[in-house]
**Q** 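Before I ask anything, let me first share the structure, which is written out below as structure tokens.
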Number of protein chains: 2
Amino acid sequence: MSDLLERLRGRGWRMTAQRRVVAEVLDGDHVHLTADEVHARAVAKLPEISRATVYNTLGELVSLGEVLEVATDKRAKRYDPNAHSPHHHLVCAQCGAIKDVHPGGNPLADLPDSERFGFTVSGVEVTYRGVCPNCATA
Amino acid sequence: MSDLLERLRGRGWRMTAQRRVVAEVLDGDHVHLTADEVHARAVAKLPEISRATVYNTLGELVSLGEVLEVATDKRAKRYDPNAHSPHHHLVCAQCGAIKDVHPGGNPLADLPDSERFGFTVSGVEVTYRGVCPNCATA
DNA sequence: ATCCTACAATAGACAATGTCTAAGTCAAGG
DNA sequence: CCTTGACTTAGACATTGTCTATTGTAGGAT
């Protein structure tokens with residue numbers, strides 16, 4: 001299953017039970033978990049894992065570029081394990097559900113130099129807002 | 001100065017000293033303040049204003065569509081008084097500075113039906129990430 | 001002008017999320 | 001098998017946001 005673990009080991013990551021569990025949680029289903037949800041799932045596999053470790057590990061994975069932080073709402077960061085396939089997000093304004101989407105077009109190209117204010121622009125995030133079919137009928 | 005206050009009064013908003021101060025803070029300079037920064041500036045004009053009132057008032061202004069919430073980082077919501085001119089944001093990854101930008105293109109049109117998953121898509125936010133000239137030289 | 005009443009403001013407790021520290025533990029190389 | 005430095009832990013702390021019960025007040029009614 002996990003080439004994620006392989007990649008991490010290859011980069012000299014010290015492998016511990018806690019880190020393996022966090023990596024497995026993220027590698028499991030490709031949903032967008034909050035830090036607390038990751039912690040909850042990690043505790044299910046390894047009851048004595050602490051909150052600080054989960055936060056630390058998530059931060060390290062982000063630094064390594066293995067997962068992405070998503071700031072779709074303002075409540076909590078979410079972590080997106082699908083870092084190796086560029087994509088954007090479609091968020092339900094009511095229930096908060098998040099879908100990955102792959103729009104056409106290239107937003108980076110749409111930003112002319114005159115609108116860059118001297119910034120070195122390195123990336124772009126696109127967040128579509130709407131209402132999901134579930135919430136629309138409710 | 002403030003047609004903002006006029007608009008609000010016209011909508012039957014009950015005008016109080018506190019609400020006027022919050023509106024004035026937002027109407028003042030078109031930067032992107034956090035709730036706490038709004039509170040700090042409001043206190044400077046009206047020392048006895050409470051934190052809850054600032055949060056309430058900001059929430060009401062958002063509901064009325066007079067200001068926008070921006071979730072560029074995960075620390076705190078920011079409030080954008082420039083709600084009447086559609087625009088996107090360019091954020092410095094280091095210092096957090098935010099600039100309004102007006103890219104070409106239409107991201108909404110770039111999202112095909114096949115990528116909408118039955119959602120009723122109502123809006124889109126585009127956040128460019130980069131490093132500002134200031135931080136680049138430092 | 002004053003009075004009423006519903007709506008707004010207040011202080012402060014509470015909640016949610018994230019960060020830090022000091023001390024103990026352990027993976028991995030020698 | 002030992003050593004060492006990186007990792008983990010528990011829990012205090014910090015920040016941001018929300019809620020409640022009480023007090024105050026804007027604006028219409030008299």
**Q** Any N or O donor-acceptor pair under 3.5 Å from the base of C:dC7 to the side chain of B:R14?
**A**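 A donor-acceptor contact between them is present.
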
**Q** In whole angstrom, give the distance that lies between atom CZ of B:R19 and atom P of D:dG24.
**A** 19 Å

**Q** Would you mind telling me which residue lines up with the more 5' stretch of DNA chain D, A:L46 or B:T34, judged by nearest nucleotide?
**A** A:L46

**Q** B:E60 CD to C:dA9 P: how many Å, rounded?
**A** 7 Å

**Q** Do B:H32 and B:N82 meet the criterion of a side-chain donor-acceptor pair at a distance under 3.5 Å?
**A** no

**Q** Can you tell me the distance, in whole Å, between the CG atom of B:N56 and the C1' atom of D:dT16?
**A**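 Roughly 15 Å, once rounded to whole Å.
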
**Q** How are the rings of A:H102 and A:H87 set to each other: parallel, tilted or perpendicular (split at 30° and 60°)?
**A**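 It falls in the tilted class, 30° to 60°.
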
**Q** So, does B:R116 use its side chain to make a donor-acceptor pair with the main chain of B:L111 at under 3.5 Å?
**A** yes

**Q** Nearest whole angstrom, please: distance from the C1' of C:dG18 to the CZ of A:R78.
**A**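 After rounding, the reported distance stands at 16 Å.
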
**Q** For the pair made of CG in B:L8 and C1' in C:dA8, what is the distance, rounded to whole Å?
**A**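 Computing the B:L8:CG to C:dA8:C1' distance gives 15 Å.
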
**Q** Roughly how many Å is it from NE2 in B:H39 to P in C:dG12, rounded to a whole number?
**A** 13 Å

**Q** Looking only at side-chain N and O atoms, does B:Q18 come under 4.0 Å of OP1 or OP2 in D:dT25?
**A** no

**Q** What I want to check is whether an N or O donor and acceptor connect the side chain of A:R51 with the base of C:dG18 at under 3.5 Å.
**A** yes

**Q** Of the nucleotides C:dA27, C:dG18, D:dA26, which has the atom closest to the A:T16 side chain?
**A** C:dA27

**Q** Would you kindly give the CD-to-C1' distance between B:E48 and D:dT23, to the nearest whole Å?
**A** 14 Å

**Q** Answer yes when B:E66 and B:R11 have at least one side-chain N-carboxylate O distance shorter than 4.0 Å, and no when they do not.
**A**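 Salt bridge between B:E66 and B:R11, a charged N being under 4.0 Å from a carboxylate O: yes.
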
**Q** OP1 or OP2 of D:dT8 less than 4.0 angstrom from a side-chain nitrogen or oxygen of A:S50, does that happen here?
**A** no

**Q** Assign B:A52 to base, sugar-phosphate, or nothing according to its heavy-atom contacts below 4.0 angstrom with the strands shown.
**A** base

**Q** Indicate yes or no for a side-chain donor-acceptor contact from A:Y55 to the backbone of A:H39 under 3.5 Å, with no hydrogens or angles considered.
**A**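 Side chain of A:Y55 to backbone of A:H39: no pair is present.
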
**Q** In terms of side-chain heavy atoms of A:Y55, which of C:dG12, C:dG18, C:dA28 is nearest?
**A**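 Comparing C:dG12, C:dG18, C:dA28 against the side chain of A:Y55, the answer is C:dG18.
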
**Q** Rounded off to whole Å, could you give me the OH-to-P distance for the B:Y79 and D:dT16 pair?
**A** 12 Å

**Q** Taking the side chain of B:T53 as heavy atoms from C-beta outward, which of D:dT9, C:dG18, C:dT10 is closest to it?
**A**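 Per side-chain heavy atoms of B:T53, the pick is C:dT10.
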
